[in-house]
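Every value quoted in this text rests on a predicted model; they were computed, and no experiment measured them. The chains referred to below are lettered A, B, ... by the order of the sequence lines, with proteins before strands, and numbering in each begins at 1.
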Amino acid sequence: MDGNSFHVFLFYYLINSFIFLLRDRTAQLSSLAQLMLDPYYRTIEGFLVLIQREWCSFGHKFEDRLGRSGHSKEKSPVFIQMLDATWQLLHQYPTSFEFTGHFLTILMECLYSGFFFTFRANCELDRMKLQRNVLSLNEITGDELEYGNLNFYIHALLRCNNIATLVMNANYRPPLPHEKQIQYLRPRCGNVDIDVWREGLFGWNFNIIELSSQAEIPPVNVLESHAVTNDMFGRYDNSFSFCYYYFIYYFISLFVDI
Amino acid sequence: MKVHDTNQITYLHKYTIQIPIPALADCKISTPSSVPSNGVSSPTSPSQGYSLAGLDTQSRISLTFDTIDHTHLEFIVKKASNRASQRSQRTMVVEFDQLHEKSIQLMNDRLLNIEYRSGLETSDLDPMLWVQRIVDYLWFELRLDLVWLRWAKYLKQSFQTFQSSVDKAWLRKAMMYNTLDSDYQRHYVQDLDWRFSDLNEGYDICPTYPSTLVFPGNLSDEDIRGAAAQRSIGRLPALVWLHANTKAPLCRASQPLAGLSGTSLELDKKMCVSIKNSCPSGLPLRIADARPKLNANANAVQGKGFENIAFMGGPSVASLIFLDIENIHVMRNSLYKAKDGLEANGEASSVSGTMAAATFDSNVNNLHASKWSNHIASVLRGAMGIADSLMIGHPVLVHCSDGW
């Protein structure tokens, strides 16, 4: 190898290792643009359809980006960023979304749970293969319910009155007939206008803390305290999720005696 | 509990994982405790119940697992050395609840692939750790399945209590998750100059795309196949959304295989021009590249890069915008920086289980210092530019490097 080709090799190597990897913006940009324009995607059903098409079908690499595949360089909070940007829209236009910020937080918990095929695998083909290999609960339980389906889970949550009041936006103003197709939200998006998505980034019980910040001994909710002690990635990687914590907690204690 | 002899173990070679053992001065012995006193098998902790006594450099540890019957799964940790007299084995049995035979079969199929994911390729040379890691991993997987199964059964019971036999509309709605075709039909795509295509039904044109795609109507199947070959990883431009009033399409793709000149992509040019012609407004196509231009140039050196506007037909046909959004590694480091700030502040919070108000203020400061909000703002700005273009009537094609 002479000096010239070595320099070319070095150049290519450096580019490959540092600059080249840059992806994942397409799904973010197109889904946010559709959220700004189309009021259908601001309903719960439409938001799930949007995630299904832009992120699952068109092949967002969930398995790599959530750090499940073991490559630490591939890990990145891309989907969280989309949820955060959606929350910014919701924060600036509180009447034009059917759901509240709690819905986005529930989605974030479901994202890291690993229970839903929607957020597994790297593309649609891989997801089909995974569903073929993994235990099918329909075959075991013999009914037509699909437990690994996020859409089913969200609808089941909405059947519970307590959760529905948390998730459905009471201030929602459905689009008028002339703006049923297109209703353009044009958010302020300077750096100053971006607020902190407290619920999603700091944990569920932040509202409780805010109310009780004056008290000397703040009340401790045992079931939720894990959400504060482990923050960001760590909390989601290491602990079970909040939204079905109540469902599972009892059964884990029955079976696991490590 | 059932204990296998050596002949039976060699018969079960299908599920065996071989682990080489380095030289060991002395190895800690863990006493097996998996035999219950009353003779009835019970759920056993897998990290107890095997020992690693008397290992030498030539011996290997093998881990074998097989189903005994429909309710038990057995792990066998076997030490195999050159001398047959030193062979020893430890077994452990995991008891299940009554499962179907089919589910056990499916679980066995999953266990076949488990050695690739169990951390065997690490440089950790302690065999005790290796075996423990594998067994813990297996146990974790099985536990997850059990939990999931239990959860599903519980959910099913609870549904049966509160779901009325009259109103099952919500259930039908919940099961109808594959509504993508109907979502395209919501915009009357079929009445315009677009067509549904199932060219990718076998995932051979682009393995990371869905099976049903929407393309401009005037393109033949050969054109589409050729256009896929001229984009990175075959992710060719496909329709995702259509503006209801201006009929301006929003398409997404990956970067073209343009190189430095970008003048050899005839079919890609045809695809872009037909996207532009499908819009009744007649405005030029806006290609939104999410990268900074510096990174796009670096990709162009590698034979990828961005579209050549002059080759496309000049600014009356297409225009190119760089949205200057940083890459995923910057985002990850930004979030890690915020997390470090949280950890530096948070000892008191972990003790009390909640967070004080002053701690929260400094956490927010750390979040601002990590520029997380700046990245959110840049993403929102880019999306707003795309939405503006669609409102005016420009057709838009979004792409970055690979367009995941």
**Student:** Where do A/C123 and B/P207 come nearest, in terms of heavy atoms and distance?
**Tutor:**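 Closest pair (atom of A/C123, atom of B/P207, distance): SG-O, 3.7 Å.
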**Student:** Top residue by heavy-atom pair count (under 4.5 Å) with chain B, among A/M82, A/Q88, A/R188, A/Q81?
**Tutor:**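 Sorted descending by pairs with chain B, the first entry is A/Q81.
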**Student:** For the CD1 atom of B/I325 and the CG atom of A/L29, what is their distance to the nearest 0.5 Å?
**Tutor:**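 Spacing of CD1 (B/I325) from CG (A/L29) equals 4.5 Å.
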**Student:** With a 4.0 Å cut-off on N to O distance, would you call A/R25 and B/D289 a salt bridge?
**Tutor:**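 Salt bridge absent between A/R25 and B/D289.
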**Student:** Would you call B/H375 and A/I194 a side-chain contact if the rule is heavy atoms closer than 4.5 Å?
**Tutor:** no
**Student:** How would you list, by chain and number, every residue that makes a salt bridge (charged side-chain N to carboxylate O under 4.0 Å, His left out) with A/D84, sequence neighbours excluded?
**Tutor:** none
**Student:** Will you find, in the side chains of A/Y41 and B/D183, an N or O donor that is under 3.5 Å from an N or O acceptor?
**Tutor:**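 B/D183 and A/Y41 do have a side-chain donor-acceptor pair below 3.5 Å.
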**Student:** Taking side chain as everything from C-beta outward and backbone as N, CA, C, O, which of these in B/L250 sits under 4.5 Å from a heavy atom of chain A? Side chain, backbone, both or neither.
**Tutor:**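 It is the side chain, since no backbone atom gets that close.
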**Student:** Checking A/R53 side chain against B/V240 main chain: does a donor-acceptor pair fall under 3.5 Å?
**Tutor:**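 Yes; at least one donor-acceptor contact below 3.5 Å.
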**Student:** Enter the distance from A/I80:CD1 to B/W372:CH2 here, rounded to the nearest 0.5 Å.
**Tutor:**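 It comes to 6.0 Å.
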**Student:** Specify which of B/N374, B/V398, B/I386 makes the most heavy-atom pairs with chain A at under 4.5 Å.
**Tutor:** B/N374
**Student:** For B/S211, is it the side chain, the backbone, both or neither that has a heavy atom under 4.5 Å from a heavy atom of chain A?
**Tutor:**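 Looking at B/S211, backbone and side chain both touch chain A.
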**Student:** Nearest heavy-atom pair of A/S76 and B/M331: which atoms, and what distance?
**Tutor:**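 Smallest interatomic distance, heavy atoms only, reads OG-CB, 4.1 Å.
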**Student:** Test B/L380 against A/Q92 for side chain to side chain contact (heavy atoms under 4.5 Å, CB included), laying out the working first.
**Tutor:** CA-CA 13 Å; B/L380 272 175; A/Q92 294 190 20; 5.7 Å; no
**Student:** Look at B/V379, B/L390, B/L213, B/V330 and state which one has the largest set of heavy-atom pairs under 4.5 Å with chain A.
**Tutor:**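 Of the options given, most contacts go to B/V379.
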**Student:** Identify the two heavy atoms, one from A/S57 and one from B/P210, that lie closest to each other, and give their separation to 0.1 Å.
**Tutor:**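 The answer is O-CD, 3.1 Å.
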**Student:** Rounded to the nearest 0.5 Å, how far does CH2 of B/W241 lie from CD of A/E54?
**Tutor:** 11.0 Å
**Student:** What's the shortest heavy-atom distance between A/G59 and B/R235, and which atoms?
**Tutor:**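 Scanning both residues completely, I find the closest heavy atoms to be O-NH1, 4.4 Å.
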**Student:** Between atom OG of B/S373 and atom CH2 of A/W197, what is the distance when rounded to the nearest 0.5 Å?
**Tutor:** 15.0 Å
**Student:** Can you name the nearest heavy-atom pair linking B/R332 to A/P77, along with the distance?
**Tutor:**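 Closest approach of B/R332 to A/P77, heavy atoms only: CA-CD, 3.8 Å.
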**Student:** Output the option from A/C56, A/G46, A/A33, A/S31 having the highest count of non-hydrogen pairs under 4.5 Å with chain B.
**Tutor:**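 Heavy-atom pairs under 4.5 Å are most numerous for A/A33.
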**Student:** Which heavy atom in A/Y184 sits nearest to a heavy atom in B/M384, and how many Å separate them?
**Tutor:** OH-O, 3.4 Å
**Student:** Counting heavy-atom pairs under 4.5 Å to chain B, which of A/L32, A/I182, A/T118 comes out on top?
**Tutor:**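 So the answer, after comparing A/L32, A/I182, A/T118, is A/I182.
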**Student:** Just verifying a value: how many Å separate A/T26 OG1 and B/R252 CZ, rounded to the nearest 0.5 Å?
**Tutor:** 5.5 Å
**Student:** Just jot down the salt bridge (charged side-chain N to carboxylate O under 4.0 Å, His left out) partners of A/D195, sequence neighbours excluded, or say none.
**Tutor:**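 Scan of A/D195 (salt bridge (charged side-chain N to carboxylate O under 4.0 Å, His left out), adjacent residues dropped) gives none.
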**Student:** Can any side-chain N or O of A/R65 pair as donor or acceptor with the backbone N or O of B/I328 at less than 3.5 Å?
**Tutor:**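 Flag not set: sc A/R65 to bb B/I328 has no pair under 3.5 Å.
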**Student:** Under 3.5 Å, is there a donor-acceptor pair linking the side chains of A/E124 and B/Y209?
**Tutor:** no
